[in-house]
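See below for the structure under consideration.
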Protein chains: 2
Amino acid sequence: MGIFSKSCEYGLRAVVYVADASAEGRKVGVKEVAEEIDSPVHFLAKILQNLSKQGILSSSKGPGGGFFIEKSALNLSLAKVVEAIDGRSLFEGCAMGLKKCSAKKPCPLHDDFGMIRSKITKMLESQTIGDFRDNLLKVDYFLDT
Amino acid sequence: MGIFSKSCEYGLRAVVYVADASAEGRKVGVKEVAEEIDSPVHFLAKILQNLSKQGILSSSKGPGGGFFIEKSALNLSLAKVVEAIDGRSLFEGCAMGLKKCSAKKPCPLHDDFGMIRSKITKMLESQTIGDFRDNLLKVDYFLDT
DNA sequence: AAAATAAAGGATATACTTGTCTTTTATTGA
DNA sequence: TCAATAAAAGACAAGTATATCCTTTATTTT
Ligand code: FES
Ligand code: FES
């Protein structure tokens, strides 16, 4: 597995896609999102429901309904998205699996890994969902394949 | 989960421990290693067997036997250990789960993540098992708790 | 009110990871 | 040769992540 779980990979891709649709004033259904980001429909549904429950995405039922993102939520960082799905282990856990990462009882990778972890954290915390979506406009990024 | 699988966390901890024992000319049994690095015995056995098969650790059966590491293997990088257990996905995979990470069809995290991935790679490739073990002598590192 | 739409929720299935247990094989030493 | 030791190998169990399906609830449109 990569650095994120599969759920989280789908979640991040979906958030960008929904944000992009919302910028055009469009609500999107699970099916459409799943097709566009190439993910299993029902599995993605759970993920989107979770993100809604956690206030990152919004949704409305019924005809014309679907998922969208509030203006205010565009200011949420990608870290919030990751945390909502994968929890905080990526930001806090020990690289070598010690129960707790600490400078008092460091594992042999602690120093090296500390820098890497802070870069990961920075990448995710310094970038908002809005920024993320804006980038789509500048360069051609891909969410499927 | 953290950046490595549980198997890999155990594997890295075990490799340091075995290397340390080997430096003292001692072969160690699975049971001892498992206790010292706080891991499930039988599960660790599989991991050590795998590392042996891949030529990273060595082993001998029978009384006085156990796991040890050849001088030459001390020059192997930590990346080799990780690769032997978790494969190359950490070094090659796309952060957002696209089938292939490439600059031609980049995901929105491609640029940021590229730097992080190369730092991870560097951390693991620039450090040999021998270096890793030597560090143990300088500072007090922990492999359990 | 009825029909259609779409998310929410729950139950279940599949796959993979992690963990345990037992048997077999090789080696050593008595 | 026999007993003891320790890794190797294989079968199995539990746990978690991933994936699918079906029913319920809320909303809109007719
Ligand atoms: S103790 Fe292992 S990364 Fe901090
Ligand atoms: S394409 Fe996603 S990290 Fe390179």
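Protein chains get the first letters and strands the later ones, always in sequence-line order, with residue 1 at the start of each.
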Mind checking what makes side-chain hydrogen bond (donor to acceptor under 3.5 Å, both in side chains) contact with [X], not counting sequence neighbours?
X: A/S59; result: none
X: B/E83; result: B/R88
X: B/S60; result: B/K27
X: A/Y141; result: none

Checklist entry - Pick the nucleotide of DNA chain D nearest each of A/K6 and B/S60; which residue has the one closer to the 5' end? => result B/S60
Checklist entry - If you look at every strand shown and take non-hydrogen atoms under 4.0 Å, does B/V41 touch a base, only sugar-phosphate, or nothing? => result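 Answer is nothing: B/V41 stays at 4.0 Å or more from every strand.
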Next on the checklist: Over all strands shown, is B/K46 touching base, sugar-phosphate only, or nothing at heavy-atom distances under 4.0 angstrom?
Outcome noted: base
Checklist entry - Quick one: how far along DNA chain D does chain A reach, first to last nucleotide 5' to 3', anything under 4.0 Å to a heavy atom? => result D/dT18 to D/dT28
Item to check | Residue whose closest nucleotide on DNA chain C lies nearer the 5' end, A/G62 versus A/H42 | outcome: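 Mapping each residue to its closest nucleotide by heavy atoms, the 5'-most match is A/G62.
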Do the side chains of [X] and [Y] join up, straight or via other hydrophobic residues, at under 4.5 Å, putting them in one cluster?
X: B/L98; Y: A/I37; result: no
X: B/L137; Y: B/L78; result: no
X: A/L76; Y: A/V82; result: yes

Next on the checklist: Working note: B/S5 + B/D86, criterion side-chain hydrogen bond (donor to acceptor under 3.5 Å, both in side chains); need CA distance, chi angles, decisive distance, verdict.
Outcome noted: CA-CA 7 Å; B/S5 71; B/D86 278 353; 2.6 Å; yes
Checklist entry - Between which nucleotides of DNA chain C, 5' to 3', does chain B make heavy-atom contacts below 4.0 Å? => result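 From 5' to 3', the first and last contacting nucleotides are C/dT18 to C/dT28.
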